[in-house]
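What follows is a single structure, written as structure tokens, with notes after it.
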Amino acid sequence: QELTPVTVRLAFLAGGIDAPFFVALGKGYFEEEGLDVEIIDGDGSTGTIQAVGNGSVQLGNAGLGALVQASAAADFDNITAVFGLVQKDPSAIIALEGSGITEPKDIEGKRFATEAGNLSDGMITAFAEVNGIDMDTVEIIITDSYQQALLRGDADFINGWANPDGDHVAAFSPIEEPILFADHGVNLLGSSVIVRKDWLAEHEELVRGYLRALTKAHADVQADPQEALEYFMQARPDADAEAIAQEIEVMEKYRHTASTEGKPFGYVDLADLELTISLLETYADVEPGEITPDEVYTDAYLPAAE
Amino acid sequence: MNVEAAAPVKPHIRISRVSKTFKGRKGDVHALSDIDLTIGRGEFVSVVGPSGCGKSTLLMLLSGLTPYSLGKIEVGEKLISSPNSDVGIVFQQDVLLEWRSALQNVLIQAEIRKAPLEAARERARELLKMVSLQDFENAYPKELSGGMRQRVSICRALLHKPPLLLMDEPFGALDAMTRDQLQLDLLRLCADNAMTVFFITHSISEAVFLSDRVVVMSPRPGRVERIIDIDLPRPRRLAMREDLKFTAYTRELTEIFKGLGVFREEV
Amino acid sequence: MNVEAAAPVKPHIRISRVSKTFKGRKGDVHALSDIDLTIGRGEFVSVVGPSGCGKSTLLMLLSGLTPYSLGKIEVGEKLISSPNSDVGIVFQQDVLLEWRSALQNVLIQAEIRKAPLEAARERARELLKMVSLQDFENAYPKELSGGMRQRVSICRALLHKPPLLLMDEPFGALDAMTRDQLQLDLLRLCADNAMTVFFITHSISEAVFLSDRVVVMSPRPGRVERIIDIDLPRPRRLAMREDLKFTAYTRELTEIFKGLGVFREEV
Amino acid sequence: MATITEAAPPAHPLRLSLRVLGNISPAFWTLVLLVVLWELAVQINQVPVYILPAPSRVAAEIIDYWPRLMINAGVTVSEILIGFGCAIAVGVPLAVLVTYSRVAERAIYPLIVASQTIPKVAIAPLLMAWFGYGLTPKIVIVVLLSFFPIVINSVVGLKASSAEMLYLAQSMGATPWQTFWKFRLPQALPYIFAGLKLATVLAVIGAVVAEFIGADRGLGYVIVVAGSSFNIARQFAAIIVISAIGMVFFVIIELLERLVVPWKNTAVVASE
Amino acid sequence: MATITEAAPPAHPLRLSLRVLGNISPAFWTLVLLVVLWELAVQINQVPVYILPAPSRVAAEIIDYWPRLMINAGVTVSEILIGFGCAIAVGVPLAVLVTYSRVAERAIYPLIVASQTIPKVAIAPLLMAWFGYGLTPKIVIVVLLSFFPIVINSVVGLKASSAEMLYLAQSMGATPWQTFWKFRLPQALPYIFAGLKLATVLAVIGAVVAEFIGADRGLGYVIVVAGSSFNIARQFAAIIVISAIGMVFFVIIELLERLVVPWKNTAVVASE
Ligand SMILES: Nc1ncnc2c1ncn2[C@@H]1O[C@H](COP(=O)(O)OP(=O)(O)OP(=O)(O)O)[C@@H](O)[C@H]1O
Ligand SMILES: Nc1ncnc2c1ncn2[C@@H]1O[C@H](COP(=O)(O)OP(=O)(O)OP(=O)(O)O)[C@@H](O)[C@H]1O
Ligand SMILES: [Mg+2]
Ligand SMILES: [Mg+2]
């Protein structure tokens, strides 16, 4: 049987959360579905959306929120998400132990280190507004080395993923329990499988097969994390095995939101998507009504629940 | 004052009403004015004149390396409007390539002209021997004395037996003896190869000794002041320099020179 | 053969058993061997010798710019082991700075020595006038003829009235008339300022005309072959060159030269 | 066959500058041609804006966003200028040291080389730790990126002085300082200017990269922010302003070279 | 006061290389000194590893991770070599074009400059779109970063030929090709080598930066991966290997220069 070559671009550098992809690859699940998959690392959702958009890759992982924002900003509607990979946003306020930052309100009057790109998606503002925080009292330091800034005491808190960023910091100095945005009214849907609509129309069965393979692999990951780590390290020998093992373990909790808890892997709840869109409409320059949920997401390719 | 000597039989070079002006930041320098000169094939013509009168400039015009401002220069049947490569030139400053040994500096002439290299090397060695540099074939220009450098550049100009030889004070850095020797060698080579020679020198006796005609130029703007036929038998012998006729010529040229007013009164 | 002439009264330069070897890739070049020479204060000594015999090398040793391999050189009371800046040097190649005009090239001497600039400019102008370059004060070296460049470098060496003047064929690129003129000018300046002069030339008659003593060097490895006292009255006049005594000196020197075997048989 | 041309006389500085400005035109036309081709390519192939925005779209964005672009450009330009100035202040003396001292050459040179091969982005945390989050780390990055060509070319230039010229200097009793200032430096200027030209573009890149790593203003910051909100047209607008700054900077250095090294602009022998 | 030294005679190539290797030692000792200072600074000030790991820690990591460092170094080195080769193949002919054609100079030169000031990281997505995710975009970035100093310095060098020398060439009827090959190029070599040295470090940086953007191997990738898991010691290990590669590369070019331009290694006048 002739295999169809497909390139998949991850959202970021391959991490524990991407373990199902490497398990599916390593165990030949993709091949069983007629796919010859090559996995390349990403450097953020923007790059992946661009890569899928210009056809240099066929399938990609990108934040659903990012897709909404991009569709609005660059005025396109030819890319859709078909599968939710990370639905609960791991974004959180991270602060060192003893900083007194345990509640959203506590960040007022404190120093905040973050990346330039992180600040501009509007979710900090959303988090502040939803929780009644006066951001004007927060001093902002923009730097790529925000974790170091926190550890050195140049900043009181940072905005990063509770895992694994929080774990990295915790390895050097204990931290307060991260304050997840998702737990405080601001959840932007995370990584999802995206694909160009015209390509999708021609390769519907392949995409279904791809998602089937992923689902199967995800089950394997949960069943045997050690085996998943082995497959991962085989594909990315330069990764830090310990860190990946930990990620495989802890990242599972971000697969589902409260409303999709118990639903099959990949299933996206319409209400969650609507919240994402409305947050972006309010805080990130997306014209109200410009993007509708069905423009950016379809559940038509989800594997039938077993 | 322009006394044109009897025109030679087969003209090789014909310079008609040529002028040259250098454009400078602070006004122009009028280097040559209205030069007329015809040189016969196989003739040996020397040019003398005060420093800065335009001798080197005239040589550069003849070679086609510098454009003239007015007039016409023909070499052979060809109007000169671009570099003429059918020549051998000894420039006033020895232009040696510092990354090549003495021998290689001579051989470049053959390399560029795509002449058979083995024969050229043979001849280059002979020429270097002629100028007593056989022991310095492999020395780099930096390792040579001023006179040695000049001799290398003479060899380079002679390597390909050019029909026309342009020499700008080629023996200026040489002692009297070496100079005498090379004068004789040059005359022999000219006779053997029927070369036409345009020879710039500061030595009046050298000019007389070597030439069929001597051109005296006047200072800025350079003009042809006088042309003197040298009626001495060939081949020339060093002893001839003691002849009355020879000294008469040198005296005549010295007088012309003095007449140019280059010379200030003795202090 | 080393006939040392009567030692002058106040020695300015004392060269004792000096040798110089250049290390080369293909063996060493033994340039100077066992040179002994004493030069009195205010004396004018010329050096003649075949091309490549080590004249320039000796000058460089005297100036302290090149180290010697063996022996001892004293200038004044000082042992020369580093560059001696109490001199004026005319190098064999005019070393003009191409980014400076003729006048500025002369003035660099004063700038470096931190001499008062206004007075220096005055004097530089005078010197340039002396060598007939008053119209070229502002010309860049590229815009000067070979002889003009050489004259600029002579002015530079004279600007600060150095007690010791080292000149390497300073008049080599000049026509006979300009040369005569500058010889006289140089003698006048020497007399006025009591300069000691070490003068390299290829012209035997120039050497005789200018000098108190003429040193004849033999070819490689350079040795002092003979030193001739020139017993002609001062101030020298151009007319003296017609004197029998003068021609006797030139003849003697020529004979010594010929004796060096530099000269091949006539062909 | 080669042809001969008259040596162009060095012109008055003002006339010169005008001529140089005139000289830009062929480049201008090439640029126009390129832009037209780009526009056509985008239009014909229907390239979506998030891949490659059409020049018209970018131009619109530049006009739209002009005031903020200029404010940010001001920030970037001041980083470039200060950094470039420091790079010269560091690079030339270092070159002098390396030229004059064999020990310095052997001891320092390889370390300079090593410092160059370190990716600045990777050591950003270090720089931030040492120099804080303000202007200083940006200047440091600009200097680190741009001083190297100044050093390398200055060393080659300062070593290019002929032995004769140095003899001349010594015979006048020139101090090392005078030798440097009056003999070696003028001789080295063409080399140094080549180094400065290289340094200009590296200074521009340095400033932008520094702003990538941690800044809250400047054109590099604009690129990052526009990228994260998928505003590709704005990214291109910023890139074009950066390029323009780089080119202007380069041209200024070239004009300066013609003023400072006028003796080089003579004798042109063009071979066909 | 200045002192005088004998001109060193150019030595046999083999002896030369040995001498050059010998020459490295002062740099080596400076390096040792620096490393010791670094270790002490870290130990005494208790600098945390996430800011600056101690050399001992980095050394341990290098030893630990050696096999994979080497595999990735191999990838990076091959990108550097191919890219550097291409940069020479692009840069030198471009320099020749600019030198010989006034029109090319005016039309192309400013565009080259412009191309240099564009931050490569910002247009990476474009490059990926055009050249895919394999080796090609890395090579392209290496070339883009490193060809510029080759062009600039080659142009300066090729223009450095004296008028007299070109006259000589023309008087022999040299073709433009011969003039280039036998007269201009040898004269330009010291300049070109200065450009090549600059290009080496930029090629190294280029390869690393390219690996930052979209790669799954190479030392740049190692830095990014180690950074993502906050493994600072490993980042430094990779940086040190990169620096070593850069230095070796630089030294090779210098050795090559001494072999190719032997006539420059004479007459040394050292002033104190
Ligand atoms: N490139 C130039 N630019 C401007 N003026 C020049 C240039 N070359 C020569 N000149 C001027 O032209 C005149 C003639 O110069 P040329 O070199 O022909 O003299 P020359 O007779 O060879 O003198 P010399 O015997 O000193 O070599 C001089 O006044 C000189 O200043
Ligand atoms: N830097 C050097 N390296 C090697 N050999 C050298 C060097 N300089 C001079 N020589 C050699 O030393 C000898 C003497 O050279 P020098 O320049 O002193 O001769 P000279 O008497 O001035 O000759 P000329 O009259 O031709 O100028 C020559 O054989 C020359 O090849
Ligand atoms: Mg001349
Ligand atoms: Mg000499």
Side-chain angles (χ1 to χ4, degrees), chain B residues 22 24-26 29 31 48-57 92-93 132-133 135-136 138-140 143-151 168-169 171-181 184-185 188 201-205 219-220 237-239 253-254 257-258 260 262-264 266-267, chain C residues 22 24-26 29 31 48-57 92-93 132-133 135-136 138-140 143-151 168-169 171-181 184-185 188 201-205 219-220 237-239 253-254 257-258 260 262-264 266-267:
Chain B
F22 287 102
R25 282 151 309 118
K26 314 239 160 102
V29 175
V48 295
S51 169
C53 73
K55 303 179 293 297
S56 302
T57 305
Q92 189 166 6
Q93 325 266 1
S132 311
L133 287 178
D135 296 345
F136 289 89
N138 294 317
Y140 279 97
E143 300 162 4
L144 298 176
S145 79
M148 291 164 134
R149 295 172 61 107
Q150 201 170 35
R151 283 179 272 163
D168 198 345
E169 302 182 30
F171 304 146
L174 301 178
D175 60 288
M177 300 299 127
T178 313
R179 193 166 185 151
D180 285 353
Q181 184 65 59
L184 292 172
D185 290 333
R188 183 173 45 79
T201 179
H202 279 315
S203 161
I204 288 176
S205 79
R220 245 170 343 108
R237 300 273 164 214
L238 288 183
L253 282 163
T254 311
F257 240 87
K258 285 193 179 160
L260 294 177
V262 185
F263 192 57
R264 281 184 280 140
E266 202 160 324
V267 241
Chain C
F22 287 103
R25 279 152 308 119
K26 314 240 160 100
V29 176
V48 295
S51 170
C53 73
K55 303 180 294 296
S56 303
T57 304
Q92 190 166 6
Q93 324 265 0
S132 310
L133 286 178
D135 297 345
F136 289 87
N138 296 315
Y140 280 97
E143 300 161 6
L144 298 176
S145 78
M148 291 164 134
R149 294 172 63 105
Q150 201 169 36
R151 281 179 275 163
D168 198 346
E169 302 182 32
F171 304 146
L174 300 178
D175 60 287
M177 300 300 130
T178 312
R179 191 167 184 150
D180 285 353
Q181 183 66 61
L184 291 171
D185 290 334
R188 183 174 46 78
T201 179
H202 279 315
S203 162
I204 287 174
S205 79
R220 244 170 340 109
R237 301 272 163 214
L238 288 183
L253 283 162
T254 311
F257 241 88
K258 285 193 180 161
L260 294 178
V262 186
F263 193 57
R264 278 185 283 141
E266 202 160 327
V267 242

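Computed over heavy atoms, backbone and side chain alike; hydrogens, waters and symmetry mates excluded. Residue numbering restarts at 1 for every chain, and letters A, B, ... go by the order of the sequence lines.
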Selection from [options] maximising heavy-atom pairs under 4.5 Å formed with chain B:
{"options": "C:S56, C:G172, C:C53, C:G52", "value": "C:G52"}
{"options": "C:R151, C:Q93, C:M148, C:R179", "value": "C:R151"}
{"options": "C:G147, C:A31, C:S51", "value": "C:S51"}

Check: With a 4.5 Å limit on heavy-atom distance, are the side chains of C:F171 and C:T178 in contact?
Finding: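 They are not in side-chain contact.
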Check: Do C:Q150 and C:L174 have side chains that get closer than 4.5 Å, going by heavy atoms?
Finding: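 Yes, side chains in contact.
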Using 0.5 Å steps for rounding, measure from the [atom1] atom of [X] to the [atom2] atom of [Y].
{"X": "B:Q181", "Y": "B:D175", "atom1": "CD", "atom2": "CG", "answer": "10.5 Å"}
{"X": "B:T201", "Y": "B:K55", "atom1": "OG1", "atom2": "NZ", "answer": "9.5 Å"}
{"X": "B:R149", "Y": "B:L133", "atom1": "CZ", "atom2": "CG", "answer": "12.5 Å"}

Under 4.5 Å heavy-atom distance to chain C, tell me which part of [X] shows up: side chain, backbone, both or neither.
{"X": "B:D135", "answer": "side chain"}
{"X": "B:S145", "answer": "side chain"}
{"X": "B:T254", "answer": "both"}

